[in-house]
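None of the values given here were measured: they were computed from a predicted structure.
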Amino acid sequence: MQKFPMTAAGLQRLEEELRHLKSVERPGIIRAIAEARSHGDLSENAEYHAARERQSFIEGRIAELEEIVSAAEVIDPALLSGDQVKFGAHVRLIDEETEQEASYQIVGMHEADIKAGRLSISSPLAKALIGKKPGDQVSVPAPGGDRSYEILTVSFG
């Protein structure tokens with residue numbers, strides 16, 4: 001079984017989503033299906049078909065989350081140190097073209113959320129950053145052409 005590196009906070013978020021799906025969403029959709037069935041002819045019942053489709057999505061997501069959670073390998077960034085970028089590192093960098101600074105934490109692919117500053121370890125930017133130190137420059141292929149970044153700081157915890 002493939003293990004998925006993940007932070008403790010990322011695992012907790014996935015476990016909370018799983019609990020919510022099982023305790024709130026699943027019972028709610030079962031009630032919605034029962035109510036839609038009570039309206040009669042199922043072949044032309046849009047509510048019933050929508051509820052069944054939602055149920056299928058929820059059950060699929062539950063199965064996916066259960067697999068991810070069971071295969072999670074929690075890595076605590078607070079126990080890591082050094083000045084090289086690796087899993088769990090908080091990296092502050094600057095785009096050399098636009099002079100805009102950005103901060104990211106390198107996390108597992110199942111907990112990535114770019115808007116929250118959590119960058120998947122399998123993303124092109126993270127792959128380029130791994131093993132680098134403050135002051136190093138990296139070039140990352142992007143749809144509009146290569147982007148260059150300079151690493152300002154690397155921290156853990």
Side-chain angles (χ1 to χ4, degrees), residues 1-30 32 49-157:
M1 175 187 284
Q2 180 185 1
K3 291 286 188 186
F4 300 110
M6 190 171 295
T7 63
L11 180 60
Q12 183 179 357
R13 280 189 295 277
L14 292 179
E15 287 173 334
E16 287 171 7
E17 181 183 352
L18 182 58
R19 261 191 305 281
H20 177 76
L21 288 172
K22 285 181 167 182
S23 64
V24 177
E25 296 290 332
R26 183 186 269 167
I29 202 66
I30 290 170
H49 291 292
R52 290 292 299 200
E53 194 172 301
R54 177 80 178 137
Q55 181 186 36
S56 176
F57 171 79
I58 289 170
E59 293 302 325
R61 183 65 178 155
I62 287 171
E64 178 184 26
L65 287 172
E66 286 176 337
E67 182 180 333
I68 293 167
V69 167
S70 70
E73 181 180 347
V74 176
I75 298 172
D76 185 357
L79 301 177
L80 302 173
S81 63
D83 61 351
Q84 284 190 325
V85 178
K86 53 189 161 194
F87 182 88
H90 291 270
V91 182
R92 195 167 57 90
L93 37 94
I94 188 165
D95 184 315
E96 293 183 332
E97 185 178 311
T98 65
E99 298 292 320
Q100 287 188 322
E101 284 189 25
S103 295
Y104 300 107
Q105 181 181 21
I106 310 295
V107 298
M109 64 185 198
H110 296 292
E111 59 183 320
D113 180 355
I114 199 71
K115 290 179 183 170
R118 294 189 300 266
L119 186 65
S120 170
I121 194 158
S122 60
S123 71
L125 178 56
K127 286 179 180 179
L129 292 171
I130 297 295
K132 303 291 191 283
K133 298 178 179 181
D136 288 351
Q137 295 176 331
V138 297
S139 180
V140 181
D146 286 4
R147 304 293 299 230
S148 293
Y149 300 93
E150 181 181 344
I151 301 172
L152 299 175
T153 62
V154 175
S155 61
F156 297 90

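- Here the shortest heavy-atom pairing between Asp83 and Pro134 reads O-CD, 3.2 Å.
- The NE2 atom of His110 sits 11.5 Å away from the CG atom of Leu11 when rounded to the nearest 0.5 Å.
- For Phe156, there are no ring pair (Phe, Tyr, Trp, His ring centres under 6.0 Å) partners at least two apart in sequence or on another chain.
- A donor-acceptor contact shorter than 3.5 Å is absent between the side chain of Gln105 and the backbone of His90.
- Taking CD of Glu64 as the reference point, atom CD1 of Ile68 lies at 4.5 Å (rounded to 0.5 Å).
- Closest of all the heavy-atom pairs between Ser139 and Ala128 is O-CB, 4.3 Å.
- A distance of 14.0 Å separates CD1 of Ile62 from CD of Glu67, quoted to the nearest 0.5 Å.
- Applying the 6.0 Å contact sphere to CD of Glu15 captures more than 12 heavy atoms from other residues, nucleotides or ligands.
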Got a list of side-chain donor-acceptor pairs under 3.5 Å for residues 113-121, not counting sequence neighbours?
from: Asp113; atom 1: OD1; to: Lys115; atom 2: N; distance (Å): 3.3
from: Arg118; atom 1: NE; to: Glu111; atom 2: O; distance (Å): 3.1
from: Ser120; atom 1: OG; to: Ser122; atom 2: N; distance (Å): 3.1
from: Ser120; atom 1: OG; to: Ser122; atom 2: OG; distance (Å): 2.9

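- Once rounded to the nearest 0.5 Å, the distance linking CZ of Arg92 with CD1 of Ile151 reads 12.0 Å.
- Between Tyr149 and the options Ile94, Leu129, Leu125, a side-chain contact (heavy atoms from CB on, under 4.5 Å) holds for only Leu125.
- When atom types are taken as modelled, the side chain of Ser56 and the backbone of Arg52 share no donor-acceptor pair closer than 3.5 angstrom.
- No side-chain heavy atom of Met6 sits less than 4.5 Å from a side-chain heavy atom of Arg13.
- With a 6.0 Å radius and a threshold of 12 heavy atoms from other residues, nucleotides or ligands, Gln100 has its CD atom at or below the threshold.
- The minimum heavy-atom distance between Glu101 and Leu152, with the atom names listed, is CD-CD1, 3.7 Å.
- The shortest distance between side-chain heavy atoms of Leu80 and Ile75 falls below 4.5 Å.
- Pro5 and Lys3 make their closest contact through CD-O, 3.8 Å (heavy atoms, listed as atom of the first residue, atom of the second, distance).
- Here the closest heavy-atom approach between residue Ile58 and residue Glu25 is recorded as CD1-CB, 3.7 Å.
- Taken to the nearest 0.5 Å, the CD1 atom of Ile29 stands 10.0 Å off from the CD atom of Glu53.
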Where do Glu66 and Leu18 land on the side chain to side chain contact (heavy atoms under 4.5 Å, CB included) test, with the steps shown first? CA-CA 7 Å; Glu66 286 176 337; Leu18 182 58; 3.9 Å; yes
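- The heavy-atom pair separating Gln84 from Val154 by the smallest distance is O-CG1, 3.8 Å.
- Counted by atom type alone, Gln55 and Glu59 present zero donor-acceptor pairs between their side chains at under 3.5 Å.
- Sorted by first and then second residue, the salt bridge (Lys or Arg N to Asp or Glu O under 4.0 Å) pairs involving residues 133-157 (not counting sequence neighbours) are Asp95-Arg147.
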